[in-house]
Enquirer: 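Got a structure here, written out as structure tokens. Questions coming.
Because the structure is a prediction, the values reported are computed rather than measured. Proteins get letters first, then strands, A, B, ... in listed order; numbering begins at 1 in each. Quick note: numbers below take in every heavy atom, side chains included, and nothing from hydrogens, waters or symmetry partners.
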Amino acid sequence: MSGQADSSVTKARIESLSNFNDQIVTIQGWVYNKRSSGKIQFILVRDGSGIAQCVIAKNAVAPEVFSICDSLTQESSVTVTGKVHKDDRAPGGYEIQAEDLSAVQVAKDYPITPKEHGVEFLMDHRHLWLRSSHQHAIIRIRHQIIKAVREFFDNKGFILVDSPILTPASVEGTSTLFETEYFDLGKAYLTQSGQLYAEASAMAFGKVYCFGPTFRAEKSKTRRHLTEFWMVEPEVAWADLNDDMDLAEEFIEHIVQTVLMKSEPELKVLERDLTKLQPVKRPFPRLHYDEAVEILKKNGVDFQYGNDLGGADETIISQQYDRPVMVHHYPAACKAFYMKRDPLRPELTLSVDVLASEGYGEIIGGSQREDDYDTLIKRLEENNLPRQPFEWYLDLRRYGSVPHSGFGLGIERTVAWVCGLEHVRETIPFARMIYRNTP
RNA sequence: UCCUCGGUAGCUCAAUUGGCAGAGCAAUCGGCUGUUAACCGAUGGGUUGCAGGUUCGAGUCCUGCCCGAGGAGCCA
């Protein structure tokens, strides 16, 4: 019976077609592209795992099946049954010599054609753009990176302890927070960092990480910013700044080397230069802030000592090396209140930023945390922060305070770097930016 | 928030000094039994972002607004 897939036939995913050579299988997917020559048609079908060329010869199928194929359009959903055949002319090396095909739904005027499109158009059709092979590769690498992140911490005895997303107050002031009404309790805010809660969790479990979405209401409009992004934040009790840097470089090495090992086809689709990723191995260069400033001055930058590094400054520094570089001991003036000061030079913090190579900029920000009760109170006052919302945080210093450190890694910036992309908007399925919250 | 650039067919773009708004792709129809972003022929397709203004005449010049892109600041 034509037009209906035979339910007794083996269903196959396209990625595993090579296991079914010379066997009859059924694949279910969407028309990616079609080429027709009158009495023979080549239909490229994608099913999420790959793309397979289906060959429909007029003398090999029922006339009504051939006519259905004639009417197929891009992204129509189809079920195809046929023999898997090894053929070098087929993309991927295997094709399906169709015996039967049914159209589940014929798409009308699919907007994204296999031609060039502008950013605005593609972002407006993000829900469809995700079907294209380039976007497919990026999201699959994102998946692999997130897997590598969890694997790394899980294998090192870290416990996943997630921080809340709705919070009563800010970590660093309320100007950059999304605000919402919270029943009778007044305002609540979307978290801009899970860190303070991760510190509490670390005092309970020793080594923890939290991993979730983070929100910044900053009106940033650059290729490195989203208003909603994902961040993984490890926090470790009994760890100082050096321990923190050791952890960060081993972590990034693991992420990059895992992607190199497991995502080769996707990196190929993206035409990523692998020689830029292969050197990402320990040890990473470690630059004291003072040394970073020296490098900038040698490169002719008119840099004011004590300032934070700007995007252009980070690019200059990262281009000195073939792997990420760790800049530590930033001035306190440009860092958060909870960072511990260098006892020998109290104007500097025990902090570290990891700058990705090739000018991709900051992907990690971390520090040793202030663990002394009295000092922390002083920091709150210096920053004009109210004490009451931080009482629970101060408790961590009242009851068994220990040296502890941690950092946050931005997933989207990491994906952009690993994939070699121009902009972070393609590294998350549905980007939220200052001028876009749809689709 | 500030600076710079842009908005013309479904998409990507062109249109000389202010003088008939066009091409490629997509769509539709026809042809082709090994195509690789297939190819060949034909057809349809426009409130030139919006609102005013100047002019015999505005896609083009002027004013205001809307939308988008890149960057700065801030950050992951």
Side-chain angles (χ1 to χ4, degrees), chain A residues 32-44 51 53-61 66 70-71 73-75 85 87-93 95 97 107-125 128-129 132-134 171-173 175-176 191-195 213-233 248 307-315 330 334-336 353-356 360-366 407-417 422-425 427-428 433-436:
Chain A
Y32 194 71
N33 204 351
K34 194 176 83 168
R35 290 180 278 271
S36 150
S37 285
K39 297 199 177 70
I40 185 167
Q41 301 187 47
F42 301 91
I43 298 174
L44 295 181
I51 296 177
Q53 172 166 283
C54 301
V55 185
I56 295 95
K58 193 163 191 173
N59 59 14
V61 298
F66 197 79
D70 247 343
S71 71
T73 53
Q74 195 187 350
E75 288 304 320
H85 176 68
D87 192 316
D88 292 338
R89 290 171 297 186
E95 64 186 17
Q97 295 175 329
K108 180 121 175 63
D109 296 330
Y110 184 71
I112 303 179
T113 60
K115 299 288 173 188
E116 286 173 23
H117 299 283
V119 170
E120 184 182 2
F121 177 81
L122 289 170
M123 287 304 289
D124 282 343
H125 295 85
L128 303 175
W129 190 23
S132 72
S133 56
H134 208 259
V171 177
E172 300 159 36
S175 62
T176 61
T191 182
Q192 59 184 180
S193 165
Q195 184 207 309
T214 304
F215 306 87
R216 302 275 166 93
E218 292 154 358
K219 295 196 169 180
S220 299
K221 186 170 166 23
T222 80
R223 66 184 71 194
R224 300 187 302 280
H225 286 89
L226 299 169
T227 55
E228 175 182 325
F229 64 98
W230 285 67
M231 186 155 67
V232 56
E233 294 172 280
N307 283 355
D308 203 356
L309 302 179
D313 305 324
E314 290 181 353
T315 299
Y330 281 81
C334 50
K335 288 293 180 184
D353 281 3
V354 180
L355 311 180
Y360 272 89
E362 183 184 351
I363 53 173
I364 277 182
F407 60 79
L409 172 118
I411 292 295
E412 287 75 19
R413 285 186 182 179
T414 304
V415 176
W417 167 52
E422 280 294 307
H423 201 298
V424 292
R425 65 185 157 220
T427 66
I428 187 166
M433 295 174 289
I434 175 170
Y435 293 127
R436 174 178 296 281

Enquirer: Taking only the P atom of each, what is the distance from B:G73 to B:C13 in whole angstrom?
Expert: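 To the nearest whole Å, 29 Å.
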Enquirer: 5'-most contact on RNA chain B: A:Asn33 or A:Leu409, nearest heavy atom basis?
Expert: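 The 5'-side residue here is A:Asn33.
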Enquirer: Just call it for A:Lys58: base, sugar-phosphate, or nothing, with non-hydrogen atoms closer than 4.0 Å on any strand.
Expert: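 Counting heavy atoms under 4.0 Å across all strands, no contact is made by A:Lys58.
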Enquirer: Using the C1' atoms only, state how far B:A58 lies from B:A51, rounded to an integer number of Å.
Expert: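 Result for the C1' pair: 15 Å, nearest Å.
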Enquirer: What's the closest nucleotide to the side chain of A:Arg89 if the choices are B:C75, B:U35, B:U1?
Expert: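 Taking heavy atoms from C-beta onward, the closest nucleotide is B:U35.
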Enquirer: Only pairs with both distances under 3.5 Å count, Watson-Crick or wobble alike; so what is the partner of B:C29 in this structure?
Expert: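 The answer is B:G41, by the H-bond criterion.
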Enquirer: Heavy atoms only, 4.0 Å cut-off, all strands: where does A:Gln53 land among base, sugar-phosphate and nothing?
Expert: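 Since a base atom lies under 4.0 Å of A:Gln53, the category is base.
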Enquirer: Applying a 4.0 Å non-hydrogen cut-off, can you work out what A:His125 is touching in the nucleic acid: base, sugar-phosphate, or nothing?
Expert: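 No contact.
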Enquirer: Distance between the P atoms of B:U17 and B:U60, in whole angstroms?
Expert: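 To the nearest whole Å, 15 Å.
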Enquirer: Considering every strand and a 4.0 Å limit on heavy-atom distances, what is the contact class for A:Ser36: base, sugar-phosphate, or nothing?
Expert: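 Since a base atom lies under 4.0 Å of A:Ser36, the category is base.
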Enquirer: Over all strands shown, is A:Asp353 touching base, sugar-phosphate only, or nothing at heavy-atom distances under 4.0 angstrom?
Expert: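 No contact at all - A:Asp353 keeps every heavy atom at 4.0 Å or more from the nucleic acid.
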Enquirer: Looking across every strand, which nucleic acid part, if any, lies under 4.0 Å from A:Tyr110 by heavy atom: base, sugar-phosphate, or nothing?
Expert: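 No contact.
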